Amino acid sequence: MNEHLPVVRDVDGGAARLMPDVDRERAWLLTVDGAPQSYVDLDEPTHLEFEYARRLAHVVDCAADEGAPLDVLHLGGGALTLPRYVAATRPGSRQDVVEADRGLLAMVAEHLPLPAGSGVAVHGADARHWVETAPPHSADVLIADVFGGSRVPAHLTSLAYARAAERVLRPDGIYAANLADGAPFAFLRSQLATFAAVFEHLALIAEPAVLRGRRFGNTVLIASHAEIDTAPLARRAAADAFPARVEHGAPLDRLIGDARPVRDADAVASPAPPDGAFGIG
């Protein structure tokens with residue numbers, strides 16, 4: 001049984017808390033102002049507790065041949081769950097993690113250090129500024145999982161941001177973003193329209209209950225100039241404890257409807273989740 005004590009610290013984004021999992025010896029849940037941010041098992045980095053993290057991992061799993069190293073850019077760090085997963089499943093990968101909350105980075109480095117030789121470089125910087133200044137065509141996969149509290153910041157939702165993300169990716173690179181919304185999906189539809197204006201192909205991973213508007217929840221947006229092989233993604237998403245669907249083509253076009261790409265001047269953060277949507281305990 002895990003007998004470690006919780007760690008509480010004020011970081012840039014609020015009150016961060018690391019809570020040990022009583023059922024797993026070296027596993028921790030990170031929350032900021034009560035909102036779950038990350039779950040990490042230091043002994044088993046391929047254990048992904050959160051459904052959205054598994055869905056992002058499915059995208060990485062399908063991005064190249066099994067075990068092949070990738071260059072991955074992560075916007076949003078948290079407790080570095082996905083960088084640890086990629087390091088374990090694709091040894092030799094080069095990964096950059098960009099996290100604006102330097103206090104959170106220091107807390108994670110102290111209590112949940114990366115293993116030696118992980119190939120992960122962590123940077124305290126703003127995600128938008130990073131993609132606008134990073135070397136072009138330098139990433140195979142870009143994973144955006146940036147939340148201020150429980151909301152995606154407005155400056156990471158616009159057409160200019162999408163174009164900056166495209167610039168960083170290689171010609172057949174893949175963009176994957178964790179988003180959160182509920183019916184009538186004004187935010188999600190605007191994000192799909194924005195990335196459809198920049199990339200040739202889109203897909204969306206989401207639980208049926210979320211797509212039907214029955215509850216607020218996470219979705220994973222996938223964008224690429226290369227055609228997205230949705231079949232293996234769909235098999236993995238359907239096999240999860242909380243099965244999800246992969247939408248693309250005409251159903252996604254219908255969801256977008258008359259939504260328009262987002263300009264910087266009109267950009268807004270994702271909607272605040274209803275009380276209890278992402279709570280714990």
Side-chain angles (χ1 to χ4, degrees), residues 38 40 45-46 48 52-102 104-105 108-109 112-147 152 156 160-179 195 198-203 205 220-230 232-233 236:
S38 302
V40 168
T46 58
L48 302 176
Y52 81 82
R54 283 202 283 274
R55 291 166 191 153
L56 289 169
H58 296 332
V59 177
V60 177
D61 290 343
C62 296
D65 292 340
E66 182 176 354
L70 292 171
D71 293 338
V72 184
L73 172 59
H74 302 262
L75 304 181
L80 310 178
T81 303
L82 282 168
R84 298 173 203 267
Y85 177 89
V86 174
T89 58
R90 296 185 175 277
S93 293
R94 294 184 300 177
Q95 301 187 78
D96 287 289
V97 180
V98 181
E99 169 61 60
D101 193 326
R102 295 172 184 267
L104 183 61
L105 287 179
V108 170
L112 306 174
L114 288 163
S118 66
V120 179
V122 181
H123 313 274
D126 175 74
R128 172 78 175 258
H129 178 73
W130 187 274
V131 294
E132 288 176 341
T133 57
H137 311 307
S138 55
D140 299 306
V141 179
L142 193 166
I143 297 174
D145 185 16
V146 184
F147 281 77
V152 178
L156 302 181
Y161 161 72
R163 288 173 176 152
E166 177 205 31
R167 187 189 68 85
V168 173
L169 286 167
R170 297 194 170 113
D172 59 349
I174 299 170
Y175 176 89
N178 177 30
L179 305 175
F195 281 83
V198 175
F199 291 91
E200 295 176 60
H201 301 279
L202 293 186
I205 308 177
V220 171
L221 181 156
I222 308 165
S224 182
H225 285 303
E227 189 168 351
I228 300 166
D229 188 355
T230 57
L233 274 174
R236 285 167 168 80

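For reference, positions follow the sequence shown, starting with 1. The structure displayed is predicted, hence computed values, not measured ones.
- Around CZ of Arg170, the count of heavy atoms belonging to other residues, nucleotides or ligands within 6.0 Å exceeds 12.
- Annotation for Val98 and Ala125: closest pair CG1-O, 3.3 Å, computed over non-hydrogen atoms.
- At least one side-chain heavy atom of Leu233 sits under 4.5 Å from a side-chain heavy atom of Ile228.
- Residues Trp130 and Leu73 have side chains in contact (heavy-atom distance under 4.5 Å, counting atoms from C-beta outward).
- Taking CG of Leu104 as the start and OG of Ser38 as the end, the distance is 7.5 Å to the nearest 0.5 Å.
- Closest heavy-atom contact between Val220 and Ala176: CG1-CB, 4.5 Å.
- Once rounded to the nearest 0.5 Å, the distance linking NE2 of His137 with CG of Asp172 reads 11.5 Å.
- The backbone N or O of Phe199 sits nowhere less than 3.5 Å from a side-chain atom of His225 that would complete a donor-acceptor pair.
- Proximity of Phe147 to Val152: side-chain heavy atoms (C-beta onward) are separated by under 4.5 Å at one or more points.
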task = Take Val131 and Leu142 through the side-chain contact (heavy atoms from CB on, under 4.5 Å) test and state the conclusion after the steps.
result = CA-CA 10 Å; Val131 294; Leu142 193 166; 4.2 Å; yes

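- Arg84 contributes a side-chain N or O that, together with a main-chain N or O of Ala79, makes up a donor-acceptor pair within less than 3.5 Å.
- In this structure, Tyr175 and Leu221 have side chains that are in contact, with non-hydrogen atoms separated by less than 4.5 Å.
- Residue Ala63 comes nearest to Ile174 through the heavy atom pair CB-CD1, 3.8 Å, listed as atom of the first residue, atom of the second, then distance.
- At least one side-chain heavy atom of Leu80 sits under 4.5 Å from a side-chain heavy atom of Leu114.
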Working for side-chain contact (heavy atoms from CB on, under 4.5 Å), residues Thr81 and Tyr85 = CA-CA 6 Å; Thr81 303; Tyr85 177 89; 5.8 Å; no

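- Checking side-chain atoms of Arg167 against main-chain N and O of Glu132 turns up a donor-acceptor pair under 3.5 Å.
- Taking 4.5 Å as the limit, every side-chain heavy atom of Leu70 sits out of range of all side-chain heavy atoms of Val86.
- Scanning all heavy atoms of the two residues, the minimum distance from Gly77 to Val97 falls at CA-CG1, 3.6 Å.
- Atom CG of residue Asp229 and atom CD of residue Glu227 lie 8.0 Å apart, to the nearest 0.5 angstrom.
- Across Ala87 and Ser118, no two heavy atoms sit closer than the pair CB-O, 3.7 Å.
- Counting heavy atoms from C-beta outward, Arg90 and Val60 have side chains that approach closer than 4.5 Å.
- Tyr161 OH to Leu75 CG: the interatomic distance, rounded to the nearest 0.5 Å, is 5.0 Å.
- In this structure, CG in Asp61 is found 14.0 Å from CZ in Arg55, a value given to the nearest 0.5 Å.
- Distance alone, capped at 3.5 Å, places no donor-acceptor pair between the Asp65 side chain and the Ala68 backbone.
- Under the 3.5 Å distance criterion, the side-chain polar atoms of Ser93 are left unmatched by any main-chain donor or acceptor of Asp71.
- Closest approach of Ala160 and Arg128 over heavy atoms only: CB-NH2, 3.4 Å.
- With values rounded to the nearest 0.5 angstrom, Arg102 atom CZ is found 11.0 Å from His123 atom NE2.
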